[in-house]
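Everything below concerns the one structure shown next.
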Number of protein chains: 2
Amino acid sequence: MEPTEAGHREHRATTIYDVAKAAGVAPSTVSRAFSRPGRVNSETAERIRQVAEELGYRTNPLARALSTARSHMLALVVSDVANPFYSEVIRGAQAAAADAGFTVLLTDAQESERLERAAIERAIPSVDGIVLAGSRLSDSAIRMVSKQKPVVVLNRAIVDVPSVVPDNARGMRQAAEHLASLGHGSITYVAGPEASWADGMRWRSLLEAAPDHSLRVRRIGPFSPDVPGGVQAAEVLTRNPTSAVIAYNDQLAIGVIRGLAARGIRVPGDVSVIGFDNIFASELISPGLTTVAAPLYTEGSTATKHLLTLIESGRRQQSLSAVLPTLLVVRGSTAQRKRKRTSPASGTNSIPGSAAAAARSTSAGSR
Amino acid sequence: MEPTEAGHREHRATTIYDVAKAAGVAPSTVSRAFSRPGRVNSETAERIRQVAEELGYRTNPLARALSTARSHMLALVVSDVANPFYSEVIRGAQAAAADAGFTVLLTDAQESERLERAAIERAIPSVDGIVLAGSRLSDSAIRMVSKQKPVVVLNRAIVDVPSVVPDNARGMRQAAEHLASLGHGSITYVAGPEASWADGMRWRSLLEAAPDHSLRVRRIGPFSPDVPGGVQAAEVLTRNPTSAVIAYNDQLAIGVIRGLAARGIRVPGDVSVIGFDNIFASELISPGLTTVAAPLYTEGSTATKHLLTLIESGRRQQSLSAVLPTLLVVRGSTAQRKRKRTSPASGTNSIPGSAAAAARSTSAGSR
DNA sequence: TTGAAAGCGCTAACAT
DNA sequence: ATGTTAGCGCTTTCAA
């Protein structure tokens, strides 16, 4: 308004009509010059683009969305943006979306089901599809959402909903194998959230892999999947010593190491520890954390690509799910089992509830 | 289409017209029943809301945006989503936006000016404002952007553009003071990216604070502001020993510690190290990193709130900038200076270029 | 308060 | 290949 202020208001967006008038053609012709398939290449189209360029014309995505019912936006809902696990996932999703000319609407559920629900509810009308990463929602709630817009879930498997997960089974097998090769005869699994599909999967996978290496396994938990949770777990471990632990995820593992250290128990001297995910910090701590590396970035990009496919195809391909390979990254937190303590695991094996826990974890999975 | 598939397509969104018809009123009346200020409270309005509820009607944000020229979306452009520094910032921004009923469009510049430019270009038409966090763009480029849409920059100061920055001066003073109190007489500043406004600011602040504590300071760098950069810096430090270093940010500091350790130099035994930001990982490494804690979350939320204010006010308040307080978090990476080595810093002081570097850093700042 | 009508900027038939 | 005509779903004058 005020002449002194170079405010935004003065920048009246140029429309298709401005271009049409300037180029002496009909508006629809301008629209065509910018339309999708292979772009029109007539002489006029070229001239129109020229004129548009000069006028600084940008097609208005919102208007386009309204008339095409395609917003070219994707929602990425994560359970907690501050969780380092998601950094790479977000990045992968963002990159894949950008490649396809899509924009990412990020929403943080802040570990709250209520907030997640609300976020989804609000995002739905403006997006063409949704990636749910680490959703707190129930399977049926998610299935409900996927009835309204294409959905791909990350790190979780739900019947009838496309998903992208790391190869938990292989990962746990690799971890177990590694520990066995170091002479460990028994392993303690430090569990994550009770409601986590991934946790159940990992535990079950460990149970299955154990016999092949004559490993005895037990399980403690559930714990909150963060550093404090791990510290808590360390407490429990102190009361029930083991020589080797596999944690649900890296943060838990890091917490365990810290908690153990605080009690004078050395890693890997006294206890070997393995995490899962290979987050940024797992390389920074000392000892470096041996961990099952999940392809975080790829998980994000794959989920997004699948979502895009779903959108394009109008939801044909029913089961567009993917299992991504994992890789064991050996760092300093695992070592040969000390021969000194002869039977560190005796008497602590066969914790009741293992079988039940293994069974419980199947509710969600079709894989 | 196929009856077997519970596809998304069948869920034809209910519109204002559907509600209008069902309620026996005109569409505009329905619109009013949902309009902003204080909401209409007539009997009819109440009934309309009732009907809408039953029909599962949700107002279409895109259509609303088209007609009101307000999308209720904000763009948050970060230089690198994978950088842990941004986790909290994103979270803060996201929360503040959600509070105001706004949605966040996250875009990752992937440390590329070209990509950042493109991302902004694409986001501009769909958003009501933009938060630029750690932008790689030139001051003038940013000023250009801010002519089109309200902009708030984070961690940087630009004339005429609202900004949110941590109190770098105070932070560096606290750090210097802490080191001085531990008996250190000379400090090496490990610099971040040359183009970083924050880096210049921090170095200059350190220079200013030094005399008050009879501290001698020198500067090495620039280094890439990540862990590898810090490792590189450690190399340089090995050739020019000091007893104390302050790094541009935590990741650099962590790299320094690791690099030093690899060379058998102990932290804090031989060298004390201080970082900046207080990212998640700084607490996890050992020794814990003493660091100047920047209010990451608050930076994100404040920037967003200011942006919202700007949007609402139609860009009145010219200088809506904020300087957020910092806090020194003392952990294990700093300690009393060893008395053994008598003059560790002698001969390495007064590196040429310090003054020039201090001068160079002023180009951007108005504060 | 409510209804009628016009229009936001764009795309999508349908003509020509 | 280009022009014409309708909308997409919502808000917003302007009347009633």
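So you know, we letter chains A, B, ... as the sequences are listed, proteins then strands, and number each from 1.
- As a whole-Å value, the separation of A:Leu66 CG from D:dT11 P is 12 Å.
- For the ring-ring contact (aromatic ring centres under 6.0 Å, His included) test, no residue two or more places apart in sequence or in another chain qualifies with A:Tyr297.
- Using modelled atom types, one finds a donor on one side chain and an acceptor on the other under 3.5 Å when comparing B:Ser135 with B:Glu116.
- When the P atom of D:dT11 is taken as reference, atom CG of B:Leu62 falls 12 Å away, rounded to whole Å.
- Under the 4.0 Å criterion applied to side-chain N and carboxylate O atoms, B:Lys305 and B:Asp99 are not assigned as salt-bridge partners.
- For the pair A:Arg70 CZ and D:dC8 P, the computed distance is 17 Å after rounding to whole Å.
- Between B:Glu113 and B:Arg117, at least one side-chain N (NZ, or NE/NH1/NH2) sits under 4.0 Å from a carboxylate O, which counts as a salt bridge.
- With hydrogens and angles left out, the side-chain atoms of B:Tyr86 and B:Ser79 include a donor and acceptor closer than 3.5 Å.
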Can you tabulate the close N/O pairs, meaning under 3.5 Å, that link protein atoms to atoms of nucleotides 10-14 of chain C?
{"unit_1": "C:dC10", "atom_1": "OP1", "unit_2": "A:Tyr57", "atom_2": "OH", "d": "2.7"}
{"unit_1": "C:dC10", "atom_1": "OP1", "unit_2": "A:Asn60", "atom_2": "N", "d": "3.1"}
{"unit_1": "C:dC10", "atom_1": "OP2", "unit_2": "A:Ile16", "atom_2": "N", "d": "2.5"}
{"unit_1": "C:dC10", "atom_1": "N4", "unit_2": "A:Tyr17", "atom_2": "OH", "d": "2.6"}
{"unit_1": "C:dT11", "atom_1": "OP1", "unit_2": "A:Arg64", "atom_2": "NH1", "d": "2.8"}
{"unit_1": "C:dT11", "atom_1": "OP2", "unit_2": "A:Ser31", "atom_2": "OG", "d": "2.7"}
{"unit_1": "C:dT11", "atom_1": "O4'", "unit_2": "A:Ser67", "atom_2": "OG", "d": "2.5"}
{"unit_1": "C:dA13", "atom_1": "N6", "unit_2": "A:Arg32", "atom_2": "NH2", "d": "3.3"}

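- The NZ-C1' distance, from B:Lys21 to D:dC10, rounds to 17 Å in whole Å.
- If you check D:dC8, D:dG3, C:dA4 against the side chain of A:Ala26, the one that comes closest is D:dG3.
- With sequence neighbours excluded, no residue satisfies ring-ring contact (aromatic ring centres under 6.0 Å, His included) with A:Phe85.
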